[in-house]
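Here the structure is a predicted model, which is why all the values come from computation and not from measurement.
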Amino acid sequence: MQVQEAPPTKEQVLEGLKVVTDPEIGINVVDLGLVYDVEVSPEGEIKITYTLTSLGCPAGAEIEAELKEVAASYEGVTSVTMKLTMQPPWGPDKMSDFAKSALGFF
């Protein structure tokens, strides 16, 4: 009998998602504040709620695909569901101090 690996924690997934960058801005989507929530069930189901910098963001499909690919790469993950939301709207208040500094908001 094969033992299934435990799924990653929310924190591990968020850290891993930092490899996904917004190609137009050049900063990872977690520090930009585009990832609103990550839920990981005990069964290994991951749900990522995210937004884009604008409704017509040309990189939207690419960002979603990369987020899903990274989340699915963890041991113990059985499925990844993506939920795009535009509420609340994204803005500089969602960014980490690192992203604000890199973009000159300080």
Side-chain angles (χ1 to χ4, degrees):
M1 182 169 126
Q2 187 176 8
V3 177
Q4 181 179 335
E5 293 286 327
T9 65
K10 174 181 179 171
E11 292 74 22
Q12 288 171 320
V13 175
L14 278 168
E15 190 61 32
L17 294 178
K18 288 183 178 182
V19 301
V20 179
T21 59
D22 182 308
E24 295 181 310
I25 299 174
I27 296 176
N28 77 72
V29 296
V30 175
D31 282 322
L32 279 175
L34 297 177
V35 177
Y36 282 176
D37 191 33
V38 172
E39 298 173 36
V40 182
S41 77
E43 297 76 33
E45 300 163 336
I46 295 178
K47 180 179 177 184
I48 299 172
T49 302
Y50 73 103
T51 193
L52 300 170
T53 55
S54 67
L55 190 55
C57 177
E62 177 183 343
I63 290 170
E64 178 175 315
E66 288 183 35
L67 288 169
K68 190 170 188 173
E69 181 180 339
V70 170
S73 71
Y74 284 92
E75 290 289 330
V77 172
T78 57
S79 68
V80 179
T81 303
M82 304 297 297
K83 179 182 177 192
L84 172 63
T85 183
M86 298 310 282
Q87 295 298 323
W90 177 83
D93 60 306
K94 307 273 189 282
M95 294 190 295
S96 71
D97 288 343
F98 165 76
K100 288 178 186 175
S101 177
L103 294 174
F105 280 90
F106 287 128

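A distance of 5.5 Å separates CG of Leu52 from CE of Met86, quoted to the nearest 0.5 Å. Between atom NZ of residue Lys94 and atom OG1 of residue Thr51 there is a gap of 9.0 Å, rounded to the nearest 0.5 Å. Here Ile27 contributes atom CD1 and Lys100 contributes atom NZ; the two are 12.0 Å apart, rounded to the nearest 0.5 Å. Between the CG atom of Leu103 and the CG atom of Leu32 there is a distance of 6.5 Å, given to the nearest 0.5 Å.
In plain terms, the two heavy atoms of Trp90 and Gly33 that are nearest each other are CD1-O, 3.8 Å. What you find for Val13 and Tyr74 is that their closest heavy atoms are CA-OH, 3.9 Å. Taking every heavy atom of both residues into account, Gly76 and Pro7 meet most closely at O-CB, 3.8 Å.
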Counting only pairs under 3.5 Å, give me each side-chain donor-acceptor contact of residues 57-72, with atom names and distances, residues two or more places apart or in other chains.
| unit_1 | atom_1 | unit_2 | atom_2 | d |
| --- | --- | --- | --- | --- |
| Glu64 | OE1 | Tyr50 | OH | 2.3 |

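The salt bridge (charged side-chain N to carboxylate O under 4.0 Å, His left out) search around Lys83 returns none, not counting sequence neighbours. Partners of Asp22 by side chain to side chain donor-acceptor pair (under 3.5 Å), not counting sequence neighbours: none found. Contacts of Thr85 classified as side chain to side chain donor-acceptor pair (under 3.5 Å), with partners at least two apart in sequence or in another chain: none.
In this structure, Ile46 and Pro8 have side chains that are in contact, with non-hydrogen atoms separated by less than 4.5 Å. Looking at heavy atoms from C-beta onward, Thr81 lies out of side-chain contact with Glu45 at the 4.5 angstrom threshold. Counting heavy atoms from C-beta on, the side chains of Leu17 and Ile48 come closer than 4.5 Å. The side-chain heavy atoms of Leu84 and Met82, taken from C-beta on, include no pair separated by under 4.5 Å.
Residue pairs meeting the side chain to side chain donor-acceptor pair (under 3.5 Å) criterion with at least one member in residues 28-37, sequence neighbours excluded, are Lys10-Asp37, Asn28-Asp31, Asp31-Ser96.
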